[in-house]
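Report on the following structure.
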Amino acid sequence: MFRRFLEDIGEVLAPTSRTPLQHFKNNWTKITEFVIDEHANAAAPTVEETIIPDLLNEMLILLMEEETKEDGTGPCLEYMLAHNILRTTVSLGQSNVAFHVYSLMYNFYV
């Protein structure tokens, strides 16, 4: 957890240039790490109190930008489909055990 904190601080102080796909992957990695780390924590914050809504919103923006630029499917959409991100987020929303995530997943898809 402290390692991620240092990485986030480093990114703020000296941001690296990333492709949209790298940014998309990084956001998804942060989301999954949070869910895995906090799932066992009974005192975990609700999803609204975390950075997850912002990360999902950035992913959605990347997908929409990609849609306007690409002919067919772009790399972010390909990654999303190949890594079952849709299935994972729907499962999290249906279970609703992960920090009251149902409403967030609903908003992501609507």
Side-chain angles (χ1 to χ4, degrees):
M1 181 115 126
F2 186 68
R3 176 184 56 83
R4 279 190 290 154
F5 173 74
L6 291 177
E7 289 173 357
D8 290 343
I9 293 292
E11 188 62 30
V12 169
L13 296 175
T16 56
S17 177
R18 292 191 196 140
T19 66
L21 178 59
Q22 290 168 327
H23 190 67
F24 191 87
K25 286 180 179 181
N26 185 52
N27 283 5
W28 182 243
T29 300
K30 286 181 180 181
I31 292 168
T32 55
E33 285 176 354
F34 179 83
V35 170
I36 290 168
D37 290 346
E38 296 297 327
H39 185 65
N41 184 356
T46 62
V47 72
E48 292 87 7
E49 300 169 329
T50 68
I51 194 169
I52 291 176
D54 296 330
L55 295 173
L56 284 171
N57 191 42
E58 288 175 14
M59 291 171 69
L60 187 59
I61 290 169
L62 289 168
L63 288 168
M64 290 187 302
E65 288 174 353
E66 183 177 87
E67 182 182 25
T68 61
K69 295 177 184 175
E70 299 286 331
D71 290 334
T73 59
C76 292
L77 183 58
E78 290 287 340
Y79 180 84
M80 186 172 184
L81 296 173
H83 291 87
N84 293 318
I85 293 174
L86 288 174
R87 182 181 303 170
T88 303
T89 54
V90 168
S91 295
L92 285 171
Q94 287 175 331
S95 68
N96 203 35
V97 294
F99 332 108
H100 311 283
V101 75
Y102 179 79
S103 61
L104 180 66
M105 292 304 122
Y106 178 78
N107 289 334
F108 182 71
Y109 289 110
V110 172

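Here the structure is a predicted model, which is why all the values come from computation and not from measurement.
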Met80 and Phe24: CA distance, side-chain angles, deciding distance, side-chain contact (heavy atoms from CB on, under 4.5 Å) verdict | CA-CA 9 Å; Met80 186 172 184; Phe24 191 87; 4.1 Å; yes
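Within the structure, every pair that satisfies the side-chain hydrogen bond (donor to acceptor under 3.5 Å, both in side chains) test and touches residues 74-85, not counting sequence neighbours, is listed here: Thr73-Glu78.
Of the listed residues (Glu66, Glu65, Met64), just one forms a side-chain contact (heavy atoms from CB on, under 4.5 Å) with Leu62, and that residue is Glu65.
With sequence neighbours excluded, no residue forms a side chain to side chain donor-acceptor pair (under 3.5 Å) with Asn26. Partners of Gln22 under the side chain to side chain contact (heavy atoms under 4.5 Å, CB included) rule, at least two apart in sequence or in another chain, are Arg18, Thr19.
Closest heavy-atom contact between Leu21 and Pro75: CD1-O, 3.5 Å.
The backbone N or O of Asn27 lies less than 3.5 Å from no partner atom in the side chain of Glu58, so there is not a single donor-acceptor pair.
The CD1 atom of Ile85 lies 5.0 Å from the CH2 atom of Trp28; values are rounded to the nearest 0.5 Å. With rounding to the nearest 0.5 Å, the separation of CG in Leu56 from NZ in Lys30 is 13.0 Å.
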